[in-house]
Structures are given as C-alpha cells and as structure tokens.
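In what follows, a single structure is set out as structure tokens and then discussed.
Bear in mind the structure is a predicted one, so any value in this text is a computation, not a measurement.
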Amino acid sequence: MGFADLILYPVYVAIFYFIFSARRKNYDDPVLKYYHKQTFWIKALAVLPFTLFNTVLSPGDSFGLYYTEGANIYHLILGDASHIKWLYLPGPEFDQSLLRNSLNQGYFRAENNYMVARIVAILSFFSFGKYVALNLFFSMIAFTGVWRLYRFFYEQYPHLHKQLAIAILYLPTFVFWSSGILKDPICISAIGWITYSLYEAFYKKKSLLKNVVILFFFGYLLAVLKIYILISYVPFFMLYLILKNVNLVKNRLLKWILGPALILGSIVAGQRVMNSFQKELGSYTADGITNQVDRTRNSYRDESRPGGGDSNFSLGVEFDGSVFSLLKMAPAAIIATFYRPFIWESRKISTLLSSLESMMIMFFTLYVLFKSGLKLFFQSIRKDPTILYCILFSLLFGLFVGATTPNFGSLVRYKIPCIPFYVIALYLIQDRVNKIKSSLAINQTA
C-alpha cells in the first residue's frame with residue numbers, strides 16, 4: 001500500500017459516503033436507514049484487511065492477476081488510445097505479449113478471468129489505477145447488490161430485521177470475500193440485483209422496463225463470470241415467484257390447478273432454454289455435470305501430489321463419474337460446504353475465519369432442528385415458498401461446490417453465495433415454528 005493509496009482511500013470513502021447518504025435520505029423507515037449506514041461502513045472498512053491479506057499475507061489472483069493485468073490495460077490505453085479495443089474484444093483475442101506478468105499467460109483464454117481485468121481497467125480511469133481504491137470500488141459494487149437482497153427479505157419479514165442483518169450483512173466470510181477485486185463481489189451484487197428486480201417486475205408488477213434492463217445487465221455479468229450460479233439460482237427463485245403469485249388466487253380449486261400447471265410450464269420452458277444454449281452450458285447440463293465433477297476433482301487431486309496444494313481434503317466417498325455416485329456423495333459434499341473446514345482442519349489464516357463461521361452455522365442448524373422437531377422443520381420448508389427456494393438453492397449449490405472443490409482454500413470462497421440463503425432459511429424456520437407453538441399455547445389456555 002503506497003502513499004497515494006493512503007491518500008486516495010479516505011477521499012473515495014468520503015465520496016461514496018456522500019453518494020449513499022444522499023440515497024439514504026429517500027428512506028422513511030428508520031430501520032433501513034440504520035442498516036444502510038452501518039453496512040456501508042462495514043463494506044468500506046473491510047477493504048483494508050482484504051488489501052492486507054491479498055498483498056502481504058496470501059498474495060493471489062486479486063493482486064497478481066486481476067489488478068496487475070487490469071491496471072496494465074489501463075496504462076496501455078493511456079499510452080496509446082488504440083489499445084482501447086481491449087475493453088470490448090473477447091479475452092482469447094488479447095495479445096499475450098502485452099501481459100505485465102508473463103506468468104499470467106493463458107489465463108485470459110477464460111472470458112470470466114478477462115472480464116474482471118476488463119472491469120478493473122475501466123474503473124482504473126476513476127481511481128487512478130490504485131489497488132486500494134479499486135478494492136473499494138468492488139466492495140461498493142457488492143454493497144449495492146447485498147443491500148437489494150436485504151431489502152427483498154426485509155419487505156417480507158420486517159420483524160426479523162436483526163436476523164436478516166446477521167445472515168446477509170454481517171457474515172464475516174461473506175463480507176470479507178466481497179470486499180475487493182475478485183469475481184465474488186460482482187457475482188454477489190448480481191444475485192442481489194437479479195433477486196430484487198425479478199420480485200419487483202413479476203410479483204409487485206412495478207417498473208417493468210427498468211427491471212428488465214437490470215436483469216439483462218446483471219444476468220449477462222453472472223453468465224460470463226460464474227454461469228453455474230445463474231442456472232442454479234434463477235430456477236428456484238422463479239419457483240418462489242410462481243408459488244407467491246398462486247397464493248394471490250382466492251379460489252382453492254383454481255389455485256390447485258394453476259400451481260402445478262405453471263410449475264410444469266416453467267420446467268418445459270427452462271428445458272428448452274437449456275437445449276438452446278447446450279453448447280454454452282455444456283458442462284452444466286444434466287449430461288455434463290458428472291463429467292465436470294470428475295474433471296475438477298481430478299485437477300485438485302493432481303495438486304495434492306508432492307509440491308502441490310496442502311489444503312486438499314477428502315469427502316470419504318469415491319466418485320466414479322455416475323449420477324448414482326454423485327447422489328451417494330451428496331450428504332458429504334453438502335456437509336463440507338456448510339460445515340467445513342472444521343477447526344482442526346484449518347492450517348491457514350484464510351480458512352480459520354471460515355472454520356469458526358462454519359462451526360457456528362452447524363450449531364445453529366442443530367439448535368433449530370432440535371427446537372423445531374423433524375415434523376415442523378420439514379413442514380415449514382414445504383409450506384413457505386421463501387424457505388423452500390432458499391433451501392433448494394442452498395442445497396443444490398452446496399452439493400456441486402462440495403463435490404467439485406476438495407480444497408479448503410477454494411471452498412471458503414466458492415461457497416459464500418449460498419451461505420446467506422441457508423442461514424436465512426434457518427431463521428425463517430425458527431420464526432415459523434415459534435409462531436406455531438405460540439398459537440398452540442394460546443389455544444390450549446383459551
């Protein structure tokens with residue numbers, strides 16, 4: 001962190017504070033004002049440990065690849081305006097001889113890597129190409145989407161504002177890994193904006209054109225950066241919207257007919273979309289998923305050989321490439337995503353924070369399950385569309401992250417999109433069960 005970074009960081013924090021405080025004045029709800037201001041400072045200050053971690057403690061892609069090459073593109077354009085073409089040409093066409101670090105050769109063959117460097121280059125024109133300032137820009141991008149996600153849930157469960165803040169705004173790893181130059185802040189922001197825009201457009205029926213534009217923009221970013229998040233999240237959220245709209249129908253017979261018909265129609269439409277984009281989604285269609293799991297696990301297994309990574313772990317279940325084998329390893333994979341690394345498995349600073357958080361989530365899961373009982377626990381999932389979509393997305397995402405990522409260093413980052421939804425589901429189950437038990441107690445005393 002240079003002298004210019006030390007000067008620019010507080011200046012840009014002040015600028016962003018002015019922008020967001022002006023936005024905050026439009027809120028009439030004091031609860032929203034409180035959490036909006038608090039979340040801004042959390043995201044602004046989280047930039048500092050993120051910067052320290054990625055430059056001193058554990059240098060990685062954030063500084064060595066995305067910042068180094070993104071700032072390099074920015075300086076190339078400043079030196080010769082003809083280099084502006086690298087802001088819109090695809091990654092594979094980038095001239096490898098122009099790389100700042102020759103060790104980064106080949107990374108831009110993947111468009112998702114190049115997209116992050118491209119965004120860094122664009123934002124460098126507003127941040128003088130300084131790493132700390134750029135981390136702050138990425139953190140603020142994440143903040144906008146995280147806040148949209150919080151508002152979506154808060155509008156439905158205002159009495160759970162503290163619990164929702166814990167699940168969405170305060171989770172340490174969720175905050176940390178979305179506070180600097182990585183794919184994760186953009187992906188998390190995209191999830192929040194897509195969620196809120198879909199809800200506004202197709203449930204509240206508001207600002208259709210604006211929300212469709214937002215959906216296309218963030219849907220495109222998510223499709224480029226991590227398409228597996230898009231195809232595992234949107235179907236379950238669409239199921240939620242269908243169930244919410246069906247619940248608006250007063251006639252019970254029509255409701256029973258309309259619900260299954262809409263769900264079936266959505267499945268058919270989704271299958272046609274998948275077939276239309278089979279080439280682009282090849283490794284994420286039904287036929288390609290097991291092959292993707294097998295290839296990814298083999299690549300990590302190669303790294304575990306002498307000289308390879310020392311953070312690899314085993315699920316204790318052999319995978320032979322079949323769907324049955326994937327289902328067999330599902331419990332271990334889901335447990336790994338939500339509850340590992342265990343404390344005794346953490347050998348690095350990068351995994352210690354996640355292991356503590358995972359332990360708390362495991363204890364909270366057991367607590368909610370014990371207090372609810374199996375019957376009310378699963379009944380709550382089945383009857384509440386919000387809980388259902390949160391659980392289904394969390395479990396499916398958790399399955400594939402746990403199955404394909406047998407390395408703790410990567411796991412602690414890859415799993416963060418689903419963790420808030422899992423914790424939210426637990427809080428909603430707890431709230432629903434408490435209401436049921438309170439109602440039963442009142443009836444018994446009446």
Side-chain angles (χ1 to χ4, degrees), residues 1 4-27 32-55 61-63 66-67 70-71 74 115-152 154 165 168-197 214 217-218 220-222 224-226 413 416-417 420:
M1 186 186 296
D5 288 295
L6 293 174
I7 297 296
L8 286 175
Y9 170 73
V11 170
Y12 278 107
V13 168
I15 292 172
F16 279 117
Y17 180 80
F18 175 78
I19 293 171
F20 286 117
S21 63
R23 174 67 178 168
R24 190 161 54 245
K25 290 178 181 178
N26 296 325
Y27 296 144
L32 287 178
K33 285 187 175 182
Y34 171 78
Y35 285 114
H36 188 271
K37 184 176 182 179
Q38 194 176 68
T39 306
F40 168 80
W41 283 114
I42 290 172
K43 293 299 296 173
L45 294 175
V47 168
L48 297 177
F50 180 92
T51 301
L52 179 65
F53 179 83
N54 283 280
T55 54
D61 289 345
S62 176
F63 186 84
Y66 303 132
Y67 169 70
Y74 159 69
M115 176 60 79
V116 181
R118 182 188 287 122
I119 293 172
V120 168
I122 293 170
L123 293 179
S124 290
F125 287 97
F126 305 95
S127 60
F128 302 97
K130 298 302 178 182
Y131 183 59
V132 181
L134 283 163
N135 281 336
L136 182 63
F137 271 82
F138 271 72
S139 189
M140 293 297 101
I141 290 171
F143 169 50
T144 63
V146 166
W147 182 246
R148 290 285 169 172
L149 193 64
Y150 180 80
R151 282 188 58 190
F152 162 71
Y154 174 76
I168 302 171
L169 309 178
Y170 300 159
L171 281 179
T173 56
F174 189 70
V175 171
F176 181 81
W177 292 112
S178 61
S179 298
I181 301 173
L182 284 173
K183 297 170 190 172
D184 307 279
I186 303 170
C187 292
I188 287 168
S189 183
I191 291 174
W193 279 102
I194 288 170
T195 301
Y196 197 80
S197 297
I214 291 171
F217 177 74
F218 284 100
Y220 168 75
L221 281 179
L222 200 53
V224 172
L225 293 172
K226 293 189 178 183
R413 277 177 48 203
I416 63 170

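Lys183 has its side chain out of reach of Asp61: every pair of non-hydrogen atoms, C-beta onward, lies at least 4.5 Å apart. Leu225 has its side chain within reach of Cys187: a pair of non-hydrogen atoms, C-beta onward, lies under 4.5 Å apart. Counting only heavy atoms from C-beta outward, the side chains of Ile119 and Phe137 never approach each other to under 4.5 Å. At least one side-chain heavy atom of Phe138 sits less than 4.5 Å from a side-chain heavy atom of Leu123. Considering only heavy atoms from C-beta on, Ser197 stays 4.5 Å or farther from Phe218 through its side chain. Side-chain contact between Leu8 and Val132 is absent, with no heavy-atom pair separated by less than 4.5 Å. Looking only at side-chain heavy atoms (C-beta outward), Ile19 and Arg23 stay at 4.5 Å or farther from each other. With contacts defined as side-chain heavy-atom distances shorter than 4.5 Å, the pair Ile188/Phe174 qualifies.
Contact between Pro417 and Pro420 at its shortest, heavy atoms only, is O-CD, 3.8 Å. Taking both residues in full, the closest heavy atoms of Ala71 and Ser124 are given as CA-OG, 4.3 Å, listed atom of the first, atom of the second, then distance. A pairwise comparison of heavy atoms in Ala133 and Tyr12 identifies CB-CD1, 4.1 Å as the closest pair. Contact between Tyr74 and Ala121 at its shortest, heavy atoms only, is CB-O, 4.0 Å. Across every non-hydrogen atom of Ser62 and Ile181, the tightest pair is OG-O, 2.9 Å. Counting all heavy atoms, side chain and backbone alike, Pro185 lies closest to Gly180 at CG-O, 3.0 Å.
Atom OG1 of Thr144 and atom NZ of Lys43 lie 10.0 Å apart (nearest 0.5 Å). The OG1 atom of Thr173 sits 6.5 Å away from the CD1 atom of Ile416 when rounded to the nearest 0.5 Å. We find the CG-CD1 distance between Asp184 and Ile191 to be 9.5 Å, quoted to the nearest 0.5 Å. Between Tyr27 atom OH and Lys33 atom NZ the span is 11.0 Å, to the nearest 0.5 Å. Separating the OH atom in Tyr67 from the OG1 atom in Thr51 is a distance of 10.5 Å, to the nearest 0.5 Å. In this structure, CD1 on Ile194 lies 13.0 Å from CZ on Phe152, to the nearest 0.5 angstrom.
Centroid-to-centroid, the aromatic rings of Phe176 and Phe53 come within less than 6.0 Å. Taking the centre of each ring, Tyr17 and Trp41 come in below the 6.0 Å mark.
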key: Trace of the side-chain hydrogen bond (donor to acceptor under 3.5 Å, both in side chains) decision for Ser21 with Lys37   = CA-CA 8 Å; Ser21 63; Lys37 184 176 182 179; over 6 Å; no

inquiry  = Could you walk me through whether Ile214 and Phe217 satisfy the side-chain contact (heavy atoms from CB on, under 4.5 Å) test, starting with their C-alpha distance in whole Å, then the side-chain angles of each, then the deciding distance to 0.1 Å, before giving a yes or no?
reply    = CA-CA 5 Å; Ile214 291 171; Phe217 177 74; 5.9 Å; no

request  = Could you go through the side-chain contact (heavy atoms from CB on, under 4.5 Å) check for Phe50 and Ser139 one step at a time?
outcome  = CA-CA 10 Å; Phe50 180 92; Ser139 189; over 6 Å; no

request  = Please assess Leu136 against Ser127 for the test side-chain contact (heavy atoms from CB on, under 4.5 Å), listing each intermediate value before the final yes or no.
outcome  = CA-CA 10 Å; Leu136 182 63; Ser127 60; over 6 Å; no

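Residue-environment remark: CZ (Phe125) exceeds the threshold of 12 foreign heavy atoms within 6.0 Å. The environment of Lys130 atom NZ is sparse: at most 12 non-hydrogen atoms of other residues, nucleotides or ligands sit within 6.0 angstrom.
By the 30° and 60° cut-offs, the orientation of the rings of Tyr150 relative to Tyr35 is tilted. Taking the six-membered ring where the residue is Trp, Trp147 and Phe143 present tilted rings, their angle falling between 30° and 60°.
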